[in-house]
Every structure is written in structure tokens, then in C-alpha cells.
2 protein chains.
Amino acid sequence: MKHKGIPDETIRRLPVYLRGLIFLQEGGQDRISSSKLGDFVGVQSWQIRKDFSYFGEFGVRGVGYEIKKLIDGIKEILKLNKVQNAALVGAGNLGSAILSYPGFELYGFNVTMAFDNNAKKIGKKIKSIEIMDVSKLDILKKKNVRLGIIAVPRSEAQEIANALVKAGVKGILNFSPCYIMVPKKVKVMTIDIAGYLARMPYYTLNG
Amino acid sequence: MKHKGIPDETIRRLPVYLRGLIFLQEGGQDRISSSKLGDFVGVQSWQIRKDFSYFGEFGVRGVGYEIKKLIDGIKEILKLNKVQNAALVGAGNLGSAILSYPGFELYGFNVTMAFDNNAKKIGKKIKSIEIMDVSKLDILKKKNVRLGIIAVPRSEAQEIANALVKAGVKGILNFSPCYIMVPKKVKVMTIDIAGYLARMPYYTLNG
DNA sequence: CTATGTGAATTTATTCACAGCA
DNA sequence: TGCTGTGAATAAATTCACATAG
């Protein structure tokens, strides 16, 4: 299930490296050193070397890393090689933005389905994706969708999560500002947007 | 500048506690134990007690915590007592959603200004906020706005950050998927939405 | 000479176990 | 008795320093 002994923080940084490397590759580059990559993505060079070292030897001493090899390696570690579909629940302002968000593609994700409980929205399309009734979430099982994205009001988040789990979802990306309880086999990651902002004054207001 | 010896992880959890406590208070409750609060927000009870203990004695042994006292205490620690204004740059899909996001208010934030470089958007309003030309960012200095939110394409993020810093901003919440370089005195927090999703398969695809 | 890879040292954060107090 | 507060133990992550290899 989880590579043993690999720090979660290392896993957190891998998508950052991957994004940077893909960008560099698109720029025509095919080799890079840990310190150049570090400058580019905002991580110290020894941190990068340490992170890669958990998975074997990716580089060549005295030379650096071959970008293609690193990209392939990180994709394999993160299991990003096959395109995966995700379903969005909650087609409000934030949900609609997520549905149109161009950044998922880079990592091989497609948000292919959307659900809402608002009769006025059901049947409408956003970016060619038809919004379906949230009571039809079970269809995810048939469509083999294993990732759910929650962007509903806090008061509805837990029941949506329950429905997603029942529909066979293995991972939930939760934008609702609340704790969500799920069976241990399901992975929840919560992005608490306001929570980030709430920490700002602590770090910026001196005194 | 920063309380010394306080783990950053403790600071990260404080907004979570605060949100839960406000919710409980609105429900008419005025006292709670660390384990009940922990169940509610998804944190272990000892972790909560430890976190609070860094700032003195908030509770009463054998009894629990007075919710109002905790709320006031956390707000003071995080410096959330005075309402703060923030400015958004980038009024695309994600930016518009952020402008309408109802979750900031809880912590005392107002997104009061918005900027874009698209002539078609400038002058239009979203939620009664007029979108201004990004070249007018300097106005933040006059308006005493000290927080900036970046929701522009990656290619523009760094120059927008530079302009925000020049306009006197002390903290930047960055939704663009890239590293941003700023002077040390400025705090940047990046929310890499796709990066979260990119870690999902690692945790959910067994084998 | 350059840049990786990695044990060891250090720092940071979590977890425990129980003393202390209403 | 019940629940907080905290020193001590453990675990996790970062940082260093340098051996190693092209």
C-alpha cells in the first residue's frame, strides 16, 4: 500500500518536482543538477537528493539527473502512469472552477463527471460535462471512477462523503471546511482554503 | 515576529480548532473536553492539549475548556482580532470562486479588491467588487491592503508577486502552481490544488 | 573538478504516561 | 473521579558533511 520508510513530506514534494521537470523538459532541456532544480522549484538541493535517494539512484555523480528518467521515475512512484477519472460533487462557484481547472491534466487526471443537488443546475453543462443529480452517485461504480472531489457546503460534506464511499471511491479531495470521517481504506485530503489565509497574520503581523 | 518554540504544525491546526469551536458555540455549547473537540475536528485529544499548552493554561483540570475563552485565545494568537482586507489578482474561474468564497469571513477576512489584465473583465463586477486593471496594483498601498491572493496562470505569477510586494503586501496566498520568489519579510503560502490530487494514487492504488 | 548519494547529527513533531488539580 | 497540563520517550523530518563516482 505505502512504500515503507518514505517520509510523507517526500511524497508531498514529488508532484512539485514532477511539475518543474515537465516544464523544463518542454523548454528543451534534458539534464539538470539538484541545485538548479532546487532553485527552480524552491527546495534545497540536498533535500531533493535525499528525496530521490529513497527510491534508488536516479542521477549520475558529477553530472546530474536526466530529466526524462526522473519524470518517468516519479510518475511510477506516484502511480500516475494511467489516466484516472475523478468526479466532482458540488457545482457551485468553487466546484465550477475546479471542473474547469486546467492543472489536473499534467498529472494525468480527468474530472469527467459532476453532481449537484440543485434542480436548477442538474442537466446543465460546464465544460461539456453534464451535471447530474447527486442521488445518482452510485453510477461511479459502473464508470470505474475511484476519486471524488467534494465542493459542497460544510453541512452536506459528510453525507456526500458517505455516498462517495458507498459508490466505491478510494480517495476524496475535500474542499469543504470540515473534518470528514471515512473507513480507513479510503484516503481523504482536505484543502482548507480559509485555513491557509487564517495563518497569515500570525506570520506577517509582527509584535 | 514568531512566537518562539511553537511548532508550525500547531499553528496549522489552530484555525481548524477555531472553526470547530465557533461552530460548537453557535450550537449553544459553552464547554468542551479535548477528546470531544478532537472527535469533532479530527485530531487526537493529547495533540489538542499539547497544542494549547504552548500558550498557557486554557482549561480547567477535571472539567474541560470554556469555548469562549478558547476562541478568544486562538484569535489572539493568530492575530485575527481585527478584520483584514485582501486583494485578489486574477479573475478567471478560480479567482472568481475565491472572490465569492464564503469561508474567509469566519476568520475576519474580506476580499475587497480584485485585479485582472484582461480588458474585457476590467470594470465588470463580481459580488459587488469591481475588477481593476492589474497595472493599478499600487493602490493597495493607499488602501492599506496587506494580503494578496494570486490566481493567475503560472507564467504570470512571479511578476504579479513582484508587483504585490512593491505595493506593500506582507502575505501572499498563491494558487498558481509554481514557486514564487519574494523578499524574506514577505510570507508566501502556495496552495497547489493539482498537487494534492497527484498524491492520491500513491495512497490509494495498492501494489 | 563537479555533483550525487547517504550515514550521522540535529531539529522538529508526535505520542505517551502520569502528576496535578477541581 | 475526570480531564487538563507537561516532562520524557519516541518518531519523523531536516540538515550536514563528506565519501564516492564520472
Side-chain angles (χ1 to χ4, degrees), chain A residues 2-17 20-21 24 29-74 77 199 202-203, chain B residues 1-17 20-21 24 29-74 77 179 199 202-203:
Chain A
K2 181 178 158 181
H3 299 238
K4 72 165 195 273
I6 314 290
D8 273 341
E9 288 298 297
T10 291
I11 299 303
R12 191 181 56 72
R13 284 185 291 264
L14 290 183
V16 174
Y17 301 154
L21 289 162
L24 289 165
Q29 210 170 322
D30 60 324
R31 234 183 3 222
I32 196 161
S33 70
S34 57
S35 61
K36 289 275 168 50
L37 178 58
D39 291 345
F40 190 62
V41 300
V43 177
Q44 300 292 335
S45 62
W46 39 258
Q47 181 78 81
I48 289 179
R49 293 200 301 277
K50 188 63 151 181
D51 285 342
F52 290 159
S53 78
Y54 288 115
F55 306 100
E57 308 208 353
F58 277 97
V60 180
R61 294 174 194 228
V63 178
Y65 297 93
E66 195 192 327
I67 289 177
K68 185 177 172 351
K69 193 175 169 188
L70 270 187
I71 290 175
D72 292 347
I74 295 174
I77 295 162
R199 282 178 282 155
Y202 175 82
Y203 292 107
Chain B
M1 176 119 162
K2 179 176 158 183
H3 298 237
K4 72 163 192 271
I6 314 288
D8 273 340
E9 288 298 297
T10 292
I11 299 302
R12 192 182 54 74
R13 284 186 291 265
L14 290 183
V16 174
Y17 302 153
L21 288 162
L24 289 164
Q29 210 170 321
D30 60 324
R31 227 173 21 211
I32 195 159
S33 70
S34 57
S35 61
K36 290 275 167 50
L37 178 59
D39 292 345
F40 190 62
V41 300
V43 177
Q44 300 292 337
S45 61
W46 68 74
Q47 182 78 81
I48 289 179
R49 293 200 301 277
K50 188 62 151 183
D51 285 341
F52 290 159
S53 78
Y54 290 114
F55 307 99
E57 308 209 353
F58 277 96
V60 181
R61 292 171 195 230
V63 178
Y65 297 93
E66 196 191 328
I67 288 177
K68 185 178 174 350
K69 193 174 168 187
L70 271 187
I71 290 175
D72 292 347
I74 296 173
I77 295 162
Y179 168 59
R199 283 178 280 154
Y202 175 83
Y203 292 108

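Quick note: numbers below take in every heavy atom, side chains included, and nothing from hydrogens, waters or symmetry partners. The sequence lines fix the lettering, A, B, ..., with proteins before strands; numbering per chain opens at 1.
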Interatomic distance where [atom1] belongs to [X] and [atom2] belongs to [N] [whole Å]:
X       : N      : atom1 : atom2 : result
B:Glu66 : C:dA22 : CD    : P     : 16 Å
A:Tyr54 : C:dT6  : OH    : P     : 11 Å
A:Phe55 : C:dG5  : CZ    : P     : 13 Å
B:Asp51 : C:dT15 : CG    : C1'   : 12 Å
B:Arg61 : C:dA22 : CZ    : C1'   : 10 Å
B:Arg12 : C:dT14 : CZ    : C1'   : 12 Å

| Where each residue is assigned the nucleotide of DNA chain D containing its nearest heavy atom, which of A:Gln47 and A:Gly62 is assigned the position nearer the 5′ end? | A:Gln47

| field | Touch class at under 4.0 angstrom, heavy-atom based, for B:Phe58 against every strand present | value | sugar-phosphate

| message | Just to be sure I understand the rule, does A:Tyr65 reach a base, reach only the sugar-phosphate, or reach nothing, if contact means heavy atoms closer than 4.0 Å? | response | sugar-phosphate

Measure across [X] and [Y] and return the closest heavy-atom pair with its distance rounded to 0.1 Å.
X        : Y       : answer
A:Ile11  : A:Phe55 : CD1-CZ, 4.2 Å
A:Tyr202 : B:Ile77 : CD1-O, 3.4 Å
B:Ser45  : B:Ser35 : CB-CA, 3.6 Å

| task | Return the set of residues passing ring-ring contact (aromatic ring centres under 6.0 Å, His included) with A:Phe40 (not counting sequence neighbours), or none when no residue passes. | result | A:Phe23

| Given the rule in the side-chain contact (heavy atoms from CB on, under 4.5 Å) test, do A:Leu37 and A:Ile67 qualify, once you have shown the distances and angles that lead to the verdict? | CA-CA 10 Å; A:Leu37 178 58; A:Ile67 289 177; over 6 Å; no

| task | Determine which pairs satisfy salt bridge (charged side-chain N to carboxylate O under 4.0 Å, His left out) with at least one residue from residues 29-38 of chain B, sequence neighbours left out, and list them in order. | result | none

| request: Enumerate the residue pairs fulfilling salt bridge (charged side-chain N to carboxylate O under 4.0 Å, His left out) with a member in residues 39-59 of chain A, sequence neighbours excluded, ordered by first and then second residue. | output: A:Arg13-A:Asp51

| task | Name the closest nucleotide to the B:Lys50 side chain, picking from C:dT14, C:dA13, C:dG5. | result | C:dT14

| Aromatic plane relationship, A:Phe58 with A:Phe52 - under 30° parallel, 30 to 60° tilted, over 60° perpendicular | tilted

| For residues 29-36 of chain B, which residues have at least one heavy atom under 4.0 Å from DNA chain D? | B:Ser33, B:Ser34

| message | Should the side chain of A:Arg49 and the base of C:dG5 be counted as holding a donor-acceptor pair, with the cut-off at 3.5 Å? | response | yes

| task | Walking along DNA chain D from 5' to 3', note the first and the last nucleotide with an atom under 4.0 Å from a heavy atom of chain B, and give both. | result | D:dG2 to D:dA8

| query | If you look only at pairs with a residue in residues 59-70 of chain B, which of them pass as a side-chain hydrogen bond (donor to acceptor under 3.5 Å, both in side chains), with sequence neighbours excluded? | reply | B:Lys68-B:Asp72

